Amino acid sequence: MDLMELREQIDGIDAQIVALFEQRMDISRQVAEYKISTGKRIFDKQRETEKLAKARALAQDEFNGFCIVELFEQIMAMSRKLQYRLLMERGKLERLPFIGVEELEVDRARVVFQGADGAYSQAAMMQYFGNQIDSFHVDTFRDAMNSIDEGSADFAVLPIENSTAGIVSEIYDLLQEYENYIVGEQIIRIEHCLLGVPGAGLEDIRTVYSHPQSLMQSAKYLAAHDWRQISMQNNAFAAKKVADEQDRSQAAIAGEHAANIYGLEVLQRKVNHSGTNSTRFIIVSGQKIFRRDAKKISICFEVPHESGSLYHILSHFIYNNLNMTKIESRPIEDRNWEYRFFIDFEGNLADGAVKNALGGLREEARNMKILGNY
């Protein structure tokens with residue numbers, strides 16, 4: 001046989017596969033109707049495991065057996081997604097416990113941020129809420145989350161990601177731990193400045209204080225000077241220390257906002273070597289609300305510690321044509337080498353495709369949690 005004849009045979013077989021697939025999906029639709037009428041769950045892990053074992057046993061050799069299992073995993077996954085869609089169309093999917101609002105109520109809100117006056121978190125807060133917002137600051141991210149739980153704050157502003165330093169892992173862990181939710185975000189450009197007391201010059205500086213990440217991001221500039229570098233809890237504390245001690249030999253690396261707060265002079269602007277350094281801050285609330293024009297959803301979940309589990313979970317985004325923009329993982333406490341996944345994707349909780357995807361994720365993932373729509 002020549003190549004054309006072989007291809008014609010493949011085309012004939014493929015036509016049969018398509019016809020059989022459509023026949024199978026029609027039966028899957030009937031199965032879904034039965035499950036909807038009886039209230040049975042869509043995902044039956046035991047049934048699928050048994051089905052895959054039988055399919056593998058029908059193959060003629062080990063390689064074909066492996067391929068058959070992968071093929072049937074895909075077929076059964078598509079069948080489930082069809083059934084989830086029917087559940088959504090019948091209004092049988094579990095309702096999402098989030099309320100859509102036109103605007104966040106911020107007129108009489110109280111906002112908490114971590115750090116001190118002059119911190120980048122404060123600058124992000126003012127950009128999002130305005131300069132007249134009622135606010136206070138706390139020492140730690142956990143303190144900020146507790147402030148919402150206790151009712152002393154309506155919103156918290158927390159850094160979650162820097163374009164050069166990466167994620168703030170503690171924030172991800174706290175989002176999973178607390179029943180607080182993301183309702184907005186604010187991205188600000190980070191421009192570190194060298195700040196000193198009034199009248200000081202570069203020739204006076206002997207010691208520089210700042211957060212470790214800020215010192216790292218300014219390493220190229222600092223390498224050109226023989227200055228002692230001391231790490232601080234955050235940049236605002238560094239600026240406050242320099243302002244309080246009024247020592248001409250001390251300087252802080254922080255934002256210009258901190259210089260204005262503490263009466264310091266900017267000795268050098270743009271000391272960080274990246275001109276595109278930005279930090280993304282999230283706005284967190286204790287209410288399960290989302291703006292009706294929200295465009296991004298954050299979720300977290302766990303998956304079984306077995307081959308292909310994450311792959312099958314992510315297929316829900318593909319099937320529903322949802323654009324996943326970010327994925328991160330964090331180790332699960334007391335479970336070595338198991339991870340919790342955090343995903344951002346485009347969409348709104350009122351969208352049918354989003355409801356369908358989240359319905360499937362609830363069925364098939366472990367401990368899935370919607371972290372917010374914003």
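The shown structure was predicted, so the numbers you read here are calculated from the model rather than taken from an experiment. When a residue number appears, it is its place in the shown sequence, counting from 1.
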> Any side-chain heavy-atom pair from Ile188 and Gln127 closer than 4.5 angstrom?
Replying inline: yes

> Does CG belonging to Asn321 count more than 12 external heavy atoms closer than 6.0 Å?
Replying inline: no

> Does Arg80 come within less than 4.0 Å of Glu363, counting only side-chain N to carboxylate O?
Replying inline: no

> If we ignore angles and hydrogens, is there a donor and acceptor under 3.5 Å between the side chains of Glu50 and Gln46?
Replying inline: yes

> Can you name the residues that form a side chain to side chain donor-acceptor pair (under 3.5 Å) with His316, not counting sequence neighbours?
Replying inline: Glu364

> In terms of hydrophobic clustering (I, L, V, M, F, W, Y; side-chain heavy atoms under 4.5 Å; direct or indirect links), are Leu52 and Tyr311 co-clustered?
Replying inline: no

>> Which label fits His225 and Trp227: parallel for a plane angle under 30°, tilted from 30 to 60°, or perpendicular past 60°?
In response: parallel

> Is atom CZ of Phe43 surrounded by more than 12 heavy atoms (other residues, nucleotides or ligands) closer than 6.0 Å?
Replying inline: yes

> Considering all heavy atoms of both residues, which atom of Met88 and which atom of Gly352 are nearest to each other, and what is their separation?
Replying inline: SD-O, 2.8 Å

> Taking atom CD of Glu333 as the centre, does the number of heavy atoms from other residues, nucleotides or ligands within less than 6.0 Å exceed 12?
Replying inline: no

> Is Val266 close to Leu194 at the side-chain level, that is, under 4.5 Å between some pair of heavy atoms?
Replying inline: no

> Does Met145 sit in a hydrophobic cluster with other residues, and if so which ones, taking ILVMFWY side chains as linked at heavy-atom separations under 4.5 Å, directly or through other members?
Replying inline: Phe141, Ile148, Leu158, Ile160, Ile167, Val168, Ile171, Tyr172, Leu174, Leu175, Tyr178, Ile182, Ile282, Val284, Phe342, Leu371, Tyr374

>> Using 0.5 Å steps for rounding, measure from the CD atom of Glu302 to the OG atom of Ser329.
In response: 12.5 Å

> Is Lys81 atom NZ crowded by more than 12 heavy atoms from other residues, nucleotides or ligands, each under 6.0 Å away?
Replying inline: yes

>> Assess the residue pair Glu170 and Arg142 against the criterion (salt bridge (charged side-chain N to carboxylate O under 4.0 Å, His left out)); give the C-alpha distance rounded to whole Å, side-chain angles, the decisive distance to 0.1 Å, and a yes or no.
In response: CA-CA 9 Å; Glu170 184 181 352; Arg142 183 174 291 276; 5.4 Å; no

>> As a quick check of understanding, evaluate side chain to side chain donor-acceptor pair (under 3.5 Å) for His192 and Gln217, giving each step before the final call.
In response: CA-CA 9 Å; His192 296 323; Gln217 292 164 357; 2.8 Å; yes

> Considering only heavy atoms from C-beta outward, does the side chain of Asp154 approach that of Val111 to under 4.5 Å?
Replying inline: no

>> Could you check whether any side-chain heavy atom of Tyr339 comes within less than 4.5 Å of a side-chain heavy atom of His305, counting everything from C-beta outward?
In response: no

> Taking the side chain as C-beta and beyond, is there a heavy-atom pair between Tyr120 and Ile190 under 4.5 Å?
Replying inline: yes

> Side chains of Thr325 and Asp344: do they bring a donor and an acceptor to under 3.5 Å?
Replying inline: no

> Just wondering, do Arg41 and Lys35 contact through their side chains at under 4.5 Å, heavy atoms?
Replying inline: no

>> Do Asn180 and Ser285 make a side-chain contact, defined as non-hydrogen atoms from C-beta onward lying under 4.5 Å apart?
In response: no

>> Once rounded to the nearest 0.5 Å, what's the spacing between atom CZ of Phe72 and atom CD1 of Ile68?
In response: 6.0 Å

> Of the options Leu264, Leu267, Ile253, which is the one that meets Leu195 in a side chain to side chain contact (heavy atoms under 4.5 Å, CB included)?
Replying inline: Leu264

>> Rounded at 0.5 Å granularity, tell me how far CG in Leu215 sits from CG in Asn272.
In response: 12.0 Å

Side-chain donor/acceptor pairs under 3.5 Å, residues 98-109, sequence neighbours excluded:
{"from": "Glu102", "atom 1": "OE2", "to": "Arg292", "atom 2": "NH1", "distance (Å)": "3.0"}
{"from": "Glu103", "atom 1": "OE1", "to": "Arg291", "atom 2": "NH1", "distance (Å)": "3.0"}

>> So Arg280 and Gln186, do their side chains get closer than 4.5 Å, heavy atoms only?
In response: no

> Out of curiosity, does Ile297 fall in the hydrophobic cluster containing Phe301 (side-chain heavy atoms, cut-off under 4.5 Å, transitive links)?
Replying inline: yes

>> Pair Ile370, Arg362 - check side chain to side chain contact (heavy atoms under 4.5 Å, CB included), show working.
In response: CA-CA 10 Å; Ile370 299 171; Arg362 276 196 194 282; 3.8 Å; yes

>> Keeping Asn234 on the side-chain end and Phe237 on the backbone end, is there a donor-acceptor pair under 3.5 Å?
In response: yes

>> Please give the remaining members of the hydrophobic cluster of Met216, linking ILVMFWY side chains under 4.5 Å, ordered by chain and number.
In response: none

> Going hydrophobic residue to hydrophobic residue with side-chain gaps under 4.5 angstrom, can you get from Ile327 over to Trp337?
Replying inline: yes

> To the nearest 0.5 Å, how far apart are CZ in Arg110 and OG in Ser147?
Replying inline: 8.5 Å

>> Can you tell me how far apart OG (Ser210) and CD1 (Ile230) are? Round to the nearest 0.5 Å.
In response: 11.5 Å

>> Going by salt bridge (Lys or Arg N to Asp or Glu O under 4.0 Å), name the pairs with one or both residues in residues 250-264, residues two or more places apart or in two chains.
In response: Glu256-Arg269

>> Can a side-chain donor-acceptor contact be found between Glu33 and Ser37 if the only test is distance below 3.5 angstrom?
In response: no

> Just wondering, are more than 12 heavy atoms of other shown residues or ligands nearer than 6.0 Å to CD in Gln132?
Replying inline: no

> Got a sec: does the CZ of Arg228 have more than 12 other heavy atoms crowding it under 6.0 Å?
Replying inline: no

> So if you build clusters from Ile, Leu, Val, Met, Phe, Trp, Tyr with side-chain heavy-atom gaps below 4.5 Å, do Leu361 and Tyr181 land together?
Replying inline: yes

>> Suppose we screen for side chain to side chain donor-acceptor pair (under 3.5 Å). Which residues come up paired with Glu245, at least two apart in sequence or across chains?
In response: Lys241, Gln250

> If you group Ile, Leu, Val, Met, Phe, Trp and Tyr by side-chain heavy-atom gaps below 4.5 Å, do Met78 and Met76 land in one group?
Replying inline: no

> Passes side chain to side chain contact (heavy atoms under 4.5 Å, CB included), Lys355 versus Leu349? Steps please.
Replying inline: CA-CA 7 Å; Lys355 292 179 180 178; Leu349 290 176; over 6 Å; no

>> Taking the ring centre of each residue, are Phe129 and Phe155 less than 6.0 Å apart?
In response: yes

> How about Thr279 and Asn162: does a side-chain donor come under 3.5 Å of a side-chain acceptor?
Replying inline: yes

> Do Gln122 and Asp117 have side-chain atoms, one donor and one acceptor, less than 3.5 Å apart?
Replying inline: yes

> Yes or no on side chain to side chain contact (heavy atoms under 4.5 Å, CB included) for Glu346 and Leu322, after CA distance, side-chain angles and deciding distance?
Replying inline: CA-CA 6 Å; Glu346 295 174 353; Leu322 298 173; over 6 Å; no

>> Checking Ser79 against Arg24 for the side chain to side chain contact (heavy atoms under 4.5 Å, CB included) test, could you report, in this order, the C-alpha distance in whole Å, the side-chain angles of both residues, the deciding distance, and whether it holds?
In response: CA-CA 9 Å; Ser79 173; Arg24 192 186 198 281; 4.2 Å; yes

>> Can you confirm whether more than 12 heavy atoms, excluding those of Phe136, are under 6.0 Å from its CZ atom?
In response: yes

>> With rounding to the nearest 0.5 angstrom, report the CZ to OG distance, Arg189 to Ser274.
In response: 8.5 Å

>> Testing the basics here: between Gly360 and Tyr84, what is the closest heavy-atom pair and its distance to 0.1 Å?
In response: CA-CE1, 3.5 Å

>> Are more than 12 heavy atoms, taken from residues, nucleotides or ligands other than Glu70, located less than 6.0 Å from that residue's CD atom?
In response: no

>> For a salt bridge (charged side-chain N to carboxylate O under 4.0 Å, His left out) check, start with the C-alpha distance between Lys326 and Glu328, then their side-chain angles and the critical distance, and finish with the verdict.
In response: CA-CA 7 Å; Lys326 188 176 184 62; Glu328 298 285 350; 2.9 Å; yes

